[in-house]
Amino acid sequence: AAAALHKASPKGAGKSEEAGWSAPLMVAVVDAIQPVVEARLKGDGGDKPASAKVVNAVFLAGALSFVPGVSLPTRLVNSVQALFEPSSVEKDSSELLLQSHVISSLGKICLLDASLAKKCVKLFLKELSCTPSAVLRNNVLVVLSDMCVRYTSLIDPHMPLLAMCLRDDNDVVRQHALVLITRLLCTDYVKWKGPLFFRYLVALVDDSPIIRQQARNCLLKVLHPKSGNHICHSYLVESIFVLNDYTEHAVYNKFPSTPEERARFSLAGDQDKRREVYALLLGESSDEQRFQTTSKLCEEILGAVADGAIPLESADAVLGDALHILSSKEIRLSAVQRFQNAAAGAEEEEEQKSSAAPSGGNMVAVAAKSKLLSQIVKRNVMQNVVPTLAALKSVMERAHSSLLGDLMLTLGQIMRDYKTEIADVFASNRQLAKELEYDLRLAEGRSSDVKNRSFASPASLAASASRKRKGSSAGKRKSSIGTPPLLVANAVRAAPGSARKTPLSVPRLSSSSS
C-alpha cells in the first residue's frame with residue numbers, strides 16, 4: 001500500500017509534497033504503538049495480548065522504511081525497537097505474531113541505518129540462539145542474511161551461528177538456512193571459511209529427503225562447479241576428522257567452536273551417514289584428485305597411526321573411515337573401474353561410456369593422460385600404500401585392534417585391483433606373502449562382504465613371479481609398467497636362499513627365509 005501511494009504521487013512533486021501522504025500514516029503508526037510501549041515499560045498491561053491494530057502498525061513501519069523519500073521519525077524507530085523482547089520462554093500466539101513482525105520490520109529499518117544495525121545485530125544473534133520458537137528463528141535468519149549483503153563485515157564473523165540453523169529441529173528453518181547460505185556463497189558475500197563447509201556437509205545426509213536432495217543439488221551442481229571442481233577434494237581428508245569429532249590432530253579440526261556446535265554437527269555415532277558423505281565427495285573428484293586423496297590418506301592418517309603420531313586407541317573411527325575409503329570403489333581410477341567392468345562382462349555399460357567420451361584428437365590425449373596417470377597410481381600403491389599398510393598391520397596386531405579385519409579387506413581389494421604389480425612385491429618377501437595369505441583367508445571367512453569373492457593368494461602370486469623370473473634370461477631383467485624400479489631391483493639383487501628385506505618387511509619379521 002505504501003509503495004502504491006508513492007507511485008501515485010505527482011511526478012513533479014518535491015520531497016516535502018511527495019512525502020506528504022506518509023506523514024499521517026506515520027502519526028497513526030506511532031499512536032498505535034506508543035501506548036503499548038509505555039504500558040510495557042511501566043509493567044502495566046505487559047501480559048495483555050497484542051491487538052491486530054498494533055501488529056498492522058508494526059508491519060507498516062517496516063514497509064514505510066523502504067519507500068524512497070520517506071524518513072522515519074526517531075520516535076517511531078525507538079518505539080519499534082522497544083517492542084523487541086528477546087526471550088528464552090515460549091510465547092503465546094498473539095505475542096509470537098507481534099514479535100515476528102517486530103523482527104521483520106526492525107531488520108528492514110536496519111538495512112537503511114548502519115548505526116542501528118550495529119546495535120541490533122547482537123540482539124538478533126541472541127534471539128537466534130535462545131528462542132524456542134521456530135517462527136522467530138526463521139525470521140531472524142532471514143534478517144541476518146539480508147544484513148550480510150548490506151553489511152558483510154558485520155555479519156561474516158557470525159556465520160557459524162547462522163550455519164547452526166542447518167541442524168535446527170524444524171524442517172522449514174533448516175531448508176531456509178540451506179537456501180540463504182547457498183545464496184550468500186553463490187554471490188561471494190560469504191566464503192568457505194572455518195567450519196562452514198563441514199556444516200554444509202551434514203545437510204547432505206539430512207533426515208528430510210527434500211532437504212537432503214536440495215543440499216546435494218546446491219553443493220554438487222552449483223557450488224562445487226563454481227569453485228573450479230576442487231572443494232569436495234580439498235576438504236575430504238579433514239572431513240574425516242570433523243565428522244568424527246576428532247580434535248587431537250595437530251592441524252585438522254582446529255577451528256574455534258562450542259561443545260554444543262560440535263555435538264550438533266558430529267556424525268561420530270552414525271557410520272553409514274559418514275560413509276555416504278565420503279562417497280558423494282569422491283564421486284565428484286577427478287582421477288588426479290582421487291590419486292591425491294589416496295596419498296594424503298596414507299601419509300596423514302595411516303602413516304601417522306603407524307608412526308604413533310596419532311594414537312590408535314583414540315582414532316579408531318578415523319582410521320576405520322580411512323581404510324573404508326581406500327577400499328571403496330569410488331576412489332578407484334576410471335581406468336581401473338573400466339577394466340573391472342569389462343572383466344565382469346559389462347560390455348554394454350562400457351559402450352555407453354565410450355559413446356559419451358571425447359572424439360578425435362581429444363580422445364587420444366585423454367587416453368594418453370589416463371594411461372600415464374594409471375602408471376603413476378600403480379607405482380604409488382606399490383611404493384607407498386602397500387608398505388604403509390604392512391607397517392600399520394604390525395602396529396594393529398600388537399595392539400589387538402578391532403580394525404585389523406578392515407585393514408585386511410583393504411589389502412585384499414588392492415590385490416584384486418593390482419594382481420600383476422603386487423606379485424613382484426610379494427616375490428621379494430615370501431614370509432610376508434604367507435602371512436597375508438593366512439590373514440586374508442581368515443578375513444574372507446569372517447566378512448560377509450567378500451564371502452563370494454575370490455582373489456589370488458599372496459603366496460601363489462609370489463611363486464608365479466619367481467617362476468617367471470627363473471624362466472627369463474640372466475642378462476635381461478623383466479620390466480613391467482606398474483612395477484616400481486626400486487622394488488624390482490631389490491627383487492633381482494636378492495640371492496636365492498638368503499634373507500631378503502624390502503620396504504614391506506614388518507618389524508617382527510626382522511629376518512626370514514624364502
Side-chain angles (χ1 to χ4, degrees), residues 84 86-90 99-100 103-104 107 117 120-149 151-186 189-208 210-212 214-216 218-219 223 231 235 238-239 241-247 252-270 273-274 277:
F84 184 32
S87 175
S88 58
V89 181
E90 188 69 45
Q99 290 299 316
S100 64
I103 291 173
S104 178
C120 293
V121 66
K122 293 182 179 179
L123 295 176
F124 289 141
L125 293 171
K126 182 179 179 180
E127 182 75 358
L128 183 63
S129 59
C130 295
T131 180
S133 171
V135 175
L136 299 185
R137 290 198 303 273
N138 183 76
N139 284 15
V140 172
L141 180 64
V142 173
V143 167
L144 289 175
S145 66
D146 287 341
M147 291 177 65
C148 186
V149 176
Y151 313 107
T152 305
S153 60
L154 184 63
I155 305 299
D156 185 65
H158 305 290
M159 278 306 299
L161 188 56
L162 273 68
M164 287 277 283
C165 295
L166 292 170
R167 293 290 280 175
D168 196 272
D169 296 333
N170 187 273
D171 290 0
V172 175
V173 176
R174 294 203 306 275
Q175 188 172 16
H176 285 179
L178 179 66
V179 172
L180 293 172
I181 292 175
T182 302
R183 180 173 66 90
L184 292 174
L185 288 167
C186 287
Y189 288 106
V190 172
K191 304 292 184 182
W192 291 115
K193 294 191 300 185
L196 182 58
F197 179 80
F198 308 106
R199 303 307 181 235
Y200 206 104
L201 281 184
V202 180
L204 300 178
V205 288
D206 193 273
D207 294 333
S208 169
I210 297 176
I211 299 175
R212 184 165 60 244
Q214 188 174 10
R216 296 180 184 189
C218 290
L219 180 62
L223 297 174
I231 56 171
Y235 291 104
E238 186 170 6
S239 69
F241 294 91
V242 177
L243 296 182
N244 283 289
D245 194 21
Y246 185 85
T247 58
Y252 293 140
N253 198 13
K254 288 299 181 181
F255 36 76
S257 58
T258 63
E260 179 189 359
E261 183 181 359
R262 287 171 45 198
R264 184 177 293 191
F265 286 93
S266 173
L267 296 179
D270 201 328
K273 285 188 175 181
R274 293 199 310 271
V277 170

Judged by atom type as modelled, is there a donor-acceptor pair below 3.5 Å linking the side chain of [X] to the main-chain atoms of [Y]?
X	Y	value
Ser129	Lys126	yes
Asn139	Ser100	yes
Thr152	Cys148	yes
Arg216	Leu204	yes
Asn244	Tyr246	no

Rounded at 0.5 Å granularity, tell me how far CG in Leu166 sits from CD1 in Ile181.
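Leu166 atom CG to Ile181 atom CD1 measures 4.0 Å (nearest 0.5 Å).
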In Å and rounded to the nearest 0.5 Å, what is the CG to NE2 distance from Leu125 to His158?
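The CG atom of Leu125 sits 5.0 Å away from the NE2 atom of His158.
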If you define the side chain from C-beta out and look only at heavy atoms, does anything of Gln214 sit under 4.5 Å from Leu178?
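Yes, their side chains come closer than 4.5 Å.
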Mind checking whether Phe197 and Tyr235 have parallel, tilted or perpendicular rings, split at 30° and 60°?
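Answer is parallel, since the angle falls under 30°.
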Is it the case that atom NZ in Lys122 sees more than 12 heavy atoms from other parts of the structure closer than 6.0 Å?
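Atom NZ in Lys122 is not packed in, count stays at 12 or less.
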Go through the steps for Asp168 and Arg174 under the test salt bridge (charged side-chain N to carboxylate O under 4.0 Å, His left out), then give the verdict.
CA-CA 6 Å; Asp168 196 272; Arg174 294 203 306 275; over 6 Å; no
Is the distance between the ring centroids of Phe265 and Tyr200 less than 6.0 Å?
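Ring centres of Tyr200 and Phe265 not closer than 6.0 Å.
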How close do Ser104 and Val143 get, counting heavy atoms only, and between which atoms?
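In terms of heavy atoms, the two residues are closest at CA-CG2, 4.3 Å.
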